[in-house]
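Encoded as structure tokens, the structure appears first; notes follow it.
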Amino acid sequence: MNTKVISLVSIGAHPTSGRARRAEQDARAVELGLQLAGDNLQVLHAGDSQEPALRAYLGMGLEQLHVLEQPAGADALGVLGDYLRDAGAELVLTGSQAETGEGSGMLPFLLAEQLGWPLVVGLAEVESISNGVAQVLQALPRGQRRRLKVRLPLLATVDNAAPKPRQSAFGPARRGVLAARQVEIVEDELFTGAELQPAKPRPKRLKVIKAKSGADRMKAATAKASGGGGQVLKDVSPQAGAEAILKLLIEEGVVR
Amino acid sequence: MSDIIRRDPRAEWIARNRLHPLHAAMQPAQTSWMGPNGIIRKNPHGVGFIGPNGIKRIDRSGAQQGGAVKRTAAAEVQLPLHQVLQPAFYIAVVPDMVGGRLSSHDRDLLGLAHSLAGIDGAVMAVVFGEHKETAFATAGVDRLLLLQANEFEGYSPEQRVQGLRAVDNQFSPRHWLLPDSRSGGAELGRRFAANIGERPATRVWQVKDGQCTGRAGAGQQDLTRSLPRLILAAAECAEPVSDTRHEVLPVELSTSLLMRQPRIEDLGAVAVDPAAIPMAEAEFIFSGGNGVKDWVLFHQTAAALGATEGASRVAVDDGFMSRDRQVGASGTWVTARVYVAVGISGAIQHLQGIGACDKVVAINLDPGCDMIKRADLSVIGESAEILKALIDAVEAYRNEAKRDAA
């Protein structure tokens, strides 16, 4: 396949230790890119080129990784948009949201808006690309899939439904080249007014029973789960019963 | 039985007739009276009443009940109506409406919207396409805007953003609230934010004093900032509305929508292997229990319906299903939208496991079992015959759909 694919990567943080690592979803974006484009995949990062965690992406079998040199806290949106427009990419893959910083997951949406490209959320598989039109599978909650047809150039985010990333090997990670490029630095104004704090545990929601008397409270505490007022079909033929069940299943949209 | 207290002329007649054998029983029970020396005398045997099992019961809560009079549950309480005649501003909520109904996440969001609206503002729900919800009033919707057009059918995020833009232009809500959920709200909210150029607060779990707190990064940090116009709130961000009833007044867009050509074409859902979907997140579960005698037929029916299979503890213990298919307290707690229970009587442990299910269908021989009380639709009968009929009905339905398409 000779489609130009670019994967955008960021530095992740380990969920327990907080140590820098390759970001889980971005690694999946690289994996999907490698499966689509092989050695022609281009991987792009905006941030510090000296970060050792970046080499974990190189260890997936990349020869080089392009870095747009930026300090922490800078806005990556403008420089990434300019770069992608000039690079002539046709398919850009990213993770859904960053593991550090704000992590709002807005970057792919803002990039798509800036570039004027269509955006597919939760890409699971690219089925075919022909004549500048891609047919892709989108991952939905509850393990479902949806088939979409989108015109290239296309921006797509991947989440945990995308293929599992391959292991990062030490040798290729050492040999790979981090190609840094100097870009204009735009400060993100968010952290002038807000601050990151360690996450507070969320209060557990209590089951509040609004009862006037003790008897009502007792009833609420001991009540069995019941829908109440369900329809009961008694003394009907099996066919009529099956029809009623099928009607409900079709209404709920689970039988297609 | 109604709550109206009725006279019993026969009992009154017996009470008047001193020669009637039941005369003594019909005398009004006197529990205390003034004695000859001015002392209050009490008859301790007179208190209480004979309960349904023939045992004397004493109710000290004040509300004496029991005896022959069996009262039904209290009548439906009419909640006070919250009215906003001239809304000073709007708080717009775009619920997910999974399966056409408000999810619990949507209700939490409407509760948050009410805390932002106060008494002057109106909460406006923007609903795309058809819906099946009947409880907008108690969920806290003051104004309902239905956007129904062919363009909003199926997966149509770009058209929906256009629709929201039109709503934004006409009503200019003070806040937009969307659920930060995978079932559509997170995507639509972010697309809308990028389109109107607002910076949203995401994964918000607390709103207090004009500040909102949301998770940041991989969930290890919190970010507190002043309340922006667009809020993507996490589940359980606020208490749902529970004390008031709301007038669900319909509002409409004054302008017609101008749709651009969509760049994403929806080719429809793809059939996935139902057995590969983890039980906990399967949408449609077909579950069998002790009442299922023909397990081959059970598997055939599940395959015909395209449902994920589940089982009760008995079926697993007897070796008809594997342990990872067990639903209930010691198995998997499922969240299916539709749960079909075949031959499961509904032990409390099983009912706990299906507590989050939306619609429950029961096929059972025993009309008095607990599963029937929980179910929205129950069919009483022999499961094997009903399952056979169900397979036939599904095949007939599919063939008809195919013929219509051709």
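In what follows, every chain begins at residue 1, and chains take the letters A, B, ... in the order their sequences are listed. Everything numeric here is computed off the predicted structure, so don't read it as measured data.
Between chain B and the options Asp235(A), Val150(A), Leu196(A), heavy-atom pairs under 4.5 Å are most frequent for Leu196(A). The most heavy-atom pairs under 4.5 Å with chain A, out of Lys132(B), Gln211(B), Gln220(B), come from Gln220(B). Each of Glu251(A), Met106(A), Gln97(A), Arg151(A) has some count of heavy-atom pairs under 4.5 Å with chain B, and the biggest count is that of Met106(A). When each of Glu158(B), Arg101(B), Met371(B) is scored by its heavy-atom pairs under 4.5 Å with chain A, the top score falls to Arg101(B). Put simply, of Leu249(A), Leu154(A), Val236(A), Val120(A), the one with the most heavy-atom pairs under 4.5 Å next to chain B is Leu249(A). Contact count against chain B (heavy-atom pairs under 4.5 Å) is highest for Glu102(A) among Lys234(A), Glu102(A), Arg145(A). In terms of heavy-atom pairs under 4.5 Å with chain A, the best-connected choice from Thr202(B), Val272(B), Leu377(B) is Leu377(B). Chain B forms more heavy-atom pairs under 4.5 Å with one residue of Leu110(A), Thr100(A), Leu119(A), Leu137(A) than with any other, namely Leu119(A). In terms of heavy-atom pairs under 4.5 Å with chain A, the best-connected choice from Ile277(B), Asp266(B), Asp392(B), Asp180(B) is Asp266(B). If you tally non-hydrogen atom pairs under 4.5 Å between each of Arg337(B), Arg398(B), Arg203(B), Glu239(B) and chain A, the highest count goes to Arg203(B). Between chain A and the options Ile363(B), Val338(B), Ile354(B), heavy-atom pairs under 4.5 Å are most frequent for Val338(B). Ranked by heavy-atom pairs shorter than 4.5 Å toward chain B, the options Glu243(A), Gln239(A), Gln138(A) are led by Gln138(A).
Shown here for Ala242(A) and Ile386(B), the closest heavy-atom pair between the two residues is CB-O, 3.9 Å. The two residues Pro153(A) and Pro118(A) come nearest to each other via the heavy atoms O-CD, 3.3 Å. In terms of heavy atoms, Ser383(B) sits closest to Val342(B) at CB-CG1, 3.6 Å. Between Trp117(A) and Ala89(A), the closest heavy-atom pair is CH2-O, 3.5 Å. Pairing each heavy atom of Glu382(B) with each of Leu365(B), the nearest pair is OE1-CD1, 3.7 Å. Closest heavy-atom contact between Phe284(B) and Val255(A): CE2-CG2, 4.2 Å.
For the 3.5 Å distance criterion, the side chains of Asp96(B) and Ser181(B) qualify, holding a donor opposite an acceptor.
Here OH of Tyr155(B) is found 12.5 Å from CG of Leu267(B). Values are rounded to the nearest 0.5 Å. From Cys237(B), atom SG reaches atom CG of Leu232(B) across 11.0 Å, with rounding to the nearest 0.5 Å.
When heavy atoms are compared at a cutoff of 4.5 Å, Val340(B) approaches chain A solely by way of its side chain, counted from C-beta outward. Within the 4.5 angstrom heavy-atom criterion, atoms from both the backbone and the side chain of Pro200(B) approach chain A. The part of Ala336(B) that comes within reach of chain A is its backbone (N, CA, C, O), which places non-hydrogen atoms under 4.5 angstrom from that chain. At a 4.5 Å heavy-atom cutoff, Ser226(B) makes no contact with chain A through either its backbone or its side chain. Of the atoms belonging to Gln197(A), heavy atoms from both backbone and side chain fall under 4.5 Å from chain B. With a 4.5 angstrom heavy-atom cutoff, Ala234(B) touches chain A only via side-chain atoms. There is no contact between Glu24(A) and chain B, counting heavy-atom distances below 4.5 Å. Only the backbone of Glu195(A) comes within less than 4.5 Å of a heavy atom in chain B; its side chain stays farther off. In this structure, the portion of Ala282(B) lying under 4.5 Å from any heavy atom of chain A is its backbone and not its side chain.
Between the side chain of Ser96(A) and the main chain of Val158(A), a donor-acceptor pair closer than 3.5 Å is present. Using a distance-only test at 3.5 Å, with no hydrogens or angles considered, no donor-acceptor pair links the side chain of Asp26(A) to the main chain of Val9(A). Thr224(B) places no side-chain N or O within 3.5 Å of a backbone atom of Thr213(B) that could act as its donor or acceptor partner.
Dense packing is recorded around CG of Asp273(B), with more than 12 heavy atoms of other residues, nucleotides or ligands lying under 6.0 Å away.
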